[in-house]
Amino acid sequence: MAEAESASRPSGSFPKQVLYCGVCSLPSEYCEFGGTTKKCEEWLLQADPELHGRLYSQDAIEANMAALSVDAQKRAEKDAQKKAAKAEAAAAREQEKKATSKVVIKRVERNKRKFVTEVTGLEAHGLDLKKVAKDFGKKFATGSSVTKMPGGGEAITVQGDVSDDIYDYLVEIYPGIPEDNVECVEDKKKKGG
Amino acid sequence: MFKKDVTPGAKTKVKSSAQRGIRAKVTETYPLLEPYIDDILPKKEQLDLVKLPDRVSLYALGTTPLFFQHMDDALLPHLALVHKYPACFARVRIDRGAIRFVLSGAALMAPGLTSAGGRLPDPSVADEDEYAYGKEDLPAGAVVVVEAEGKENACMVGVLKMGTKDIKEKKKGAALEAGHYLGDGLWRLSLD
């Protein structure tokens, strides 16, 4: 009912829909201040060519420039460059971290024939451990939780031996994680402990 | 206020009585929003309260943030909401040169508002004029949406530190402090 009501409302223009950039999340017209302008521009060209034409045409850029004094322009230019460099460096660092960080799936013997599976290193790939843990629990129908490791940091502990399944699942569901970086190891308890 | 990334705390459901209170408060502070209040805060929907650091609480409907509030201060609209209903708030405008400072989290200084590209409410300007940004001078403490020269959408929300009349007279000092701007921690916060 509520939908019908809002649809029949005459004023039309509200709520206004704003297109947010897929790269920097700002409204597209603010991309030029974000530091990732280049990428944003490419993204917009894909998403909304019409708006792209309006925002990045020669006229628009010149009009923007005219509004500022020469001195201020120079400063803004310098600032923008610095910001862009910073953003680029951050992106590169992120990439590097992603490429090097490993996801380790460890099978830990709990009680002779019983195992738990510990997954570490997922957070480096930008995943929310709590949510992934919930997903594991749902997928494998077992208990799954985020636990603190003794050495600091957090791991996902899944009850039962599901290391191979987790391997397949991770590779399949999260394409952001390179398969080579996922590793299965077995951890046996020392005898006579 | 949200220069750093914010990590959301506990998400709790708002009691329906409290929800009514919020509704009343919103319509009181932003009378222009009243025609749309049923779209923004439907009566039957369950509102969520998300706790943010520094005693800020954020009211959200599902995954869309609506209003935030520091302790018991005024309810401030989230920028996504402002973008949807731009004409429903008291507005000012800054010149182009100030945008980059605002977007990097600086306090908004008066010259950005008083220069040629900036706009403040002015009683002497006619209604039909495109420069119309309201006639009434706003007192210090009023919630304003800051728009930018040459841009359609607002870039900042905050509380005036100086009345607009003072700003026009002094043309110096901070006009707005610790607001919510595009690209800050609150803006990037995802609720899901």
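Throughout, protein chains are lettered first and strands after them, A, B, ... in sequence-line order, and every chain is numbered starting at 1.
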Nearest heavy-atom neighbours spanning A:Y20 and B:A80: OH-CA, 3.8 Å
Might you point out which heavy atoms bring B:G183 and A:L26 nearest each other, and give the distance in Å? N-CD2, 3.5 Å
Tell me whether A:Y30 contacts the main-chain N or O of B:N153 through its side chain, where contact means a donor paired with an acceptor under 3.5 Å. yes
Under a 3.5 Å distance rule, please check whether B:K151 uses its side chain to pair with a backbone N or O of A:E29 as donor and acceptor. yes
Assess whether atom [atom1] of [X] is packed by more than 12 heavy atoms of other residues, nucleotides or ligands within 6.0 Å.
| X | atom1 | value |
| --- | --- | --- |
| B:R188 | CZ | yes |
| B:K25 | NZ | yes |
| A:E88 | CD | no |

Flag the one option from B:A154, B:S104, B:P42 with the top tally of heavy-atom pairs under 4.5 Å to chain A. B:A154
If two hydrophobic side chains count as joined below 4.5 Å and joins carry through other members, does A:I173 share a cluster with A:F140? yes
Test of understanding: clusters of I, L, V, M, F, W, Y form through side-chain heavy atoms closer than 4.5 Å, transitively. Do B:L61 and B:F67 belong to the same one? yes
Any side-chain heavy-atom pair from B:H83 and A:Q17 closer than 4.5 angstrom? no
